[in-house]
K.L.:
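Before anything else, here's the structure in question.
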Amino acid sequence: MLKLLKDLPLSKRKAHYICAVALADAEGLLGVVEGRCSGVIGFALKGSRGFGYDPLFVIPRYNKTFAQLGEKIKHKMSHRYHALTKAKKIIQKYIEKD
């Protein structure tokens, strides 16, 4: 990826992690939600925590990659956290209706 993006400035390196969650019961679909985390692709691998693209995925607010951020910060802003928080609301409504 770094080779493909080598000539692009930071302003053209926008990226997003996206997580989609679909919930269903025996009668069908209850809902589909999406969580998103926005960042940019950095110029070099940084950090040792995480996996996949985490060492390249820079969060501008912290000026650090996902692989440099601590677990607590990373998980509160992650695409999975946002999607599962939304999914939890669907599950709670489903439970309350019974």
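Worth knowing before you read on, the calculation uses all heavy atoms, side chains too, and leaves out hydrogens, waters and symmetry mates.
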K.L.:
Are Leu84 and Tyr81 grouped together when hydrophobic residues (ILVMFWY) are joined by side-chain heavy atoms under 4.5 angstrom apart?
P.N.:
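No, separate clusters.
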K.L.:
Looking at Lys74, I want to see if its NZ is surrounded by more than 12 non-hydrogen atoms of other residues, nucleotides or ligands under 6.0 Å.
P.N.:
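Yes, the 6.0 Å shell around NZ holds more than 12 heavy atoms from other groups.
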K.L.:
Let me have the donor-acceptor pairs involving side chains of residues 13-25, under 3.5 Å, with sequence neighbours excluded, atom names and distances please.
P.N.:
unit_1	atom_1	unit_2	atom_2	d
Arg13	NE	Leu8	O	2.9
Arg13	NH1	Ile41	O	3.2
Arg13	NH1	Gly42	O	2.7
Arg13	NH2	Leu5	O	2.6
His16	ND1	Ser38	OG	2.9
Tyr17	OH	Asp54	N	3.2
Tyr17	OH	Asp54	OD1	2.7
Asp25	OD1	Glu27	N	2.8
Asp25	OD1	Gly28	N	3.1
Asp25	OD2	Tyr94	OH	2.9

K.L.:
Report whether Val33 and Leu30 are members of the same hydrophobic cluster (ILVMFWY, side-chain heavy atoms less than 4.5 Å apart, transitive linking).
P.N.:
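Same cluster.
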K.L.:
Does Leu56 reach the side chain of Leu2, with side-chain heavy atoms less than 4.5 Å apart?
P.N.:
yes
K.L.:
Are the side chains of Phe66 and Cys37 in contact, using a 4.5 Å heavy-atom criterion?
P.N.:
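The answer is yes, as the side chains (C-beta and beyond) meet within the 4.5 Å cut-off.
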K.L.:
Any side-chain heavy atom of Leu69 within less than 4.5 Å of one from Thr65?
P.N.:
no
K.L.:
Between Gly39 and Pro60, which heavy-atom pair has the shortest distance, and what is it?
P.N.:
CA-CD, 3.9 Å
K.L.:
Working to the nearest 0.5 Å, report the span between CD of Gln68 and CD1 of Ile59.
P.N.:
11.0 Å
K.L.:
Does anything in residues 36-52 pair up under salt bridge (Lys or Arg N to Asp or Glu O under 4.0 Å), and if so which pairs, sequence neighbours excluded?
P.N.:
Glu34-Arg36
K.L.:
Just so I know, are the side chains of Leu10 and Phe43 near enough to count as touching, which here means a heavy-atom distance under 4.5 Å?
P.N.:
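Leu10 reaches Phe43 side chain to side chain.
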K.L.:
Distance from Gln92 atom CD to Lys88 atom NZ, nearest 0.5 Å?
P.N.:
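If I round to the nearest 0.5 Å, the distance is 5.5 Å.
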K.L.:
For residues Tyr53 and Met1, report the shortest heavy-atom separation together with the two atoms involved.
P.N.:
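For Tyr53 and Met1, the tightest heavy-atom pair comes out as CE2-CE, 2.8 Å.
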